[in-house]
2 protein chains.
Amino acid sequence: MTELENYIKSYFGVVEINDIKMIVSLFKITTVKKGDFLLKSDKYCDKLSFVQSGFLRMFASTDDKEITQWISTKGYFSTDLASFIFETKSRWTIQALVDSEIFTITKDDYKKIGDLVPQWNELEKLFLVRCFTILEDRIFTHLSMSAEERYNFFFENNKGLFNQVPLQYIASLLGMTAETFSRIRKKQLL
Amino acid sequence: MTELENYIKSYFGVVEINDIKMIVSLFKITTVKKGDFLLKSDKYCDKLSFVQSGFLRMFASTDDKEITQWISTKGYFSTDLASFIFETKSRWTIQALVDSEIFTITKDDYKKIGDLVPQWNELEKLFLVRCFTILEDRIFTHLSMSAEERYNFFFENNKGLFNQVPLQYIASLLGMTAETFSRIRKKQLL
DNA sequence: TTTTGCTCTTGACAAAAATCAAGAAATTAT
DNA sequence: ATAATTTCTTGATTTTTGTCAAGAGCAAAA
């Protein structure tokens with residue numbers, strides 16, 4: 001079983017190995033270079049990306065700064081979900097932080113999964129509920145934790161990221177400035 | 001058409017009027033008193049609530065304080081989604097802020113919808129994508145806005161709430177203390 | 001009506017976090 | 001290897017937000 005097969009299986013629990021192989025066959029592997037854009041805001045997002053290796057940063061620009069909403073690591077998906085599903089304009093820009101290997105599926109091919117796997121809508125729904133729950137948790141951290149607590153919480157669960165992507169982006173996705181982030185780090189080392 | 005029928009239709013877009021009537025018939029109207037609990041954390045959430053009138057507060061307790069995650073108003077749903085779908089323990093407690101009329105559907109009845117309306121899983125998925133997007137936006141406000149900006153943004157979109165529920169809960173769901181909230185309000189009046 | 005709780009506001013102060021500016025340190029390009 | 005660029009750190013300072021404590025305002029209950 002390839003890695004992508006394993007991930008699909010663990011996220012969606014599709015039981016038939018042939019179904020999984022069919023799904024995976026709809027993804028095309030591509031390599032992107034550091035700095036390449038997979039999506040730009042205000043465009044239509046017609047594909048779903050899966051990170052095989054590397055890191056994708058999803059962000060939006062405000063008047064004065066870029067806000068990093070999320071960084072997708074190996075084994076995770078990245079897309080502007082609303083745009084992908086409803087064909088509205090994207091709110092997010094997605095950019096590779098390092099040279100990365102990305103499995104991509106187009107919206108047209110994605111639709112085929114629903115036609116070929118009868119229980120797909122149900123599995124997709126369950127997957128979305130898990131995503132929803134993760135976002136609920138993330139909101140909760142902003143309502144209940146200080147910057148330092150958010151740092152520690154995130155660090156415990158994402159140690160690997162810290163020496164592989166610019167820290168300023170992690171600071172942004174945690175909702176603090178790079179300076180505050182740096183000071184918290186210093187404190188943790190003592 | 002009853003109000004609940006209208007809401008179901010606008011959220012899920014079910015076309016057959018008979019399907020909508022069937023779905024609505026699975027909801028039972030109940031009245032709850034101010035302070036009543038519809039769900040307590042660590043219990044299993046086996047129902048989905050729809051606010052016909054009144055307000056429901058969803059919150060969780062930390063060591064030292066209660067964090068209000070959301071307040072559901074007329075026309076919106078409230079449940080511990082993860083618990084409702086996966087039958088895990090609830091993270092949220094749900095309590096009525098005032099005497100309220102609530103349409104409730106049990107998990108058992110909810111499952112019937114999927115059996116009776118063929119495209120239900122698909123509609124449910126689309127609904128969830130919209131919920132997901134709303135949470136994404138909410139996270140973005142915490143990454144990009146000050147307390148005052150969050151206040152103004154929320155106020156513009158929820159003017160009605162401010163004279164109907166204790167302000168401390170709105171402060172909490174915006175991620176600030178009641179005192180900060182009060183000071184921001186004073187400033188806006190000048 | 002009076003009392004009893006809540007809830008909200010205010011002030012004084014403390015702590016947390018942002019801003020600005022300058023340099024290190026590290027990475028990338030030449 | 002060196003230069004150029006980007007990223008990270010640090011200090012000084014300001015702004016924002018939280019904490020604590022007291023009191024005012026309201027609403028519910030006796």
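For A:Phe162 and A:Tyr151, the ring centers sit closer than 6.0 Å to each other. In this structure, the ring of A:Trp120 has its center no less than 6.0 angstrom from the ring center of A:Phe127. Checked against a 6.0 Å centroid threshold, the rings of A:Phe132 and B:Phe132 do not count as neighbours. Two rings, from A:Phe55 and A:Tyr169, have their centers 6.0 Å or more apart.
The stretch residues 164-181 of chain B comes close to DNA chain C through B:Pro166, B:Leu167, B:Gln168, B:Glu179, each having a heavy atom under 4.0 Å from the strand.
Regarding A:Leu97, its CG atom lies at a distance of 14 Å from the C1' atom of D:dT6, rounded to whole Å. Protein atom CG of A:Leu143 is 15 Å distant from nucleotide atom C1' of D:dG18, rounded to whole Å. For the pair A:Glu149 CD and D:dT17 P, the interatomic distance rounds to 17 Å; values are reported in whole Å. In this structure, the NZ atom of A:Lys187 is 8 Å from the P atom of C:dA17, given to the nearest Å. Across the protein-nucleic acid pair, A:Tyr151 atom OH and C:dA18 atom C1' stand 19 Å apart, rounded to whole Å. The separation between B:Glu66 atom CD and C:dT7 atom C1' is 14 Å, rounded to whole Å. To the nearest angstrom, C1' of D:dT16 lies 11 Å from CZ of B:Arg183. In this structure, A:Arg185 places its CZ atom 21 Å from P of C:dA24, rounding to the nearest Å.
Under 4.0 Å is where a charged nitrogen must lie from a carboxylate oxygen, and between A:Lys112 and A:Asp109 at least one such pair does. Using a 4.0 Å cut-off between charged side-chain N and carboxylate O, B:Glu122 and A:Lys125 make no salt bridge.
The shortest distance between the side-chain N/O atoms of B:Lys186 and the OP1/OP2 oxygens of C:dT9 is not below 4.0 Å.
Side chain of A:Thr93 to main chain of A:Phe37: no donor-acceptor pair is present (N/O by atom type, distance under 3.5 Å, no hydrogens or angles). In this structure a side-chain-to-backbone donor-acceptor pair under 3.5 Å is missing from A:Gln52 to A:Ile29.
Side-chain heavy-atom separations under 4.5 angstrom define the hydrophobic clusters, and the remaining members of the one that includes A:Phe153 are A:Met145.
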Going 5' to 3' through nucleotides 22-27 of chain D and flagging B where a protein heavy-atom sits under 4.0 Å of the base, S where only the sugar-phosphate is that close, and - otherwise, we get ------

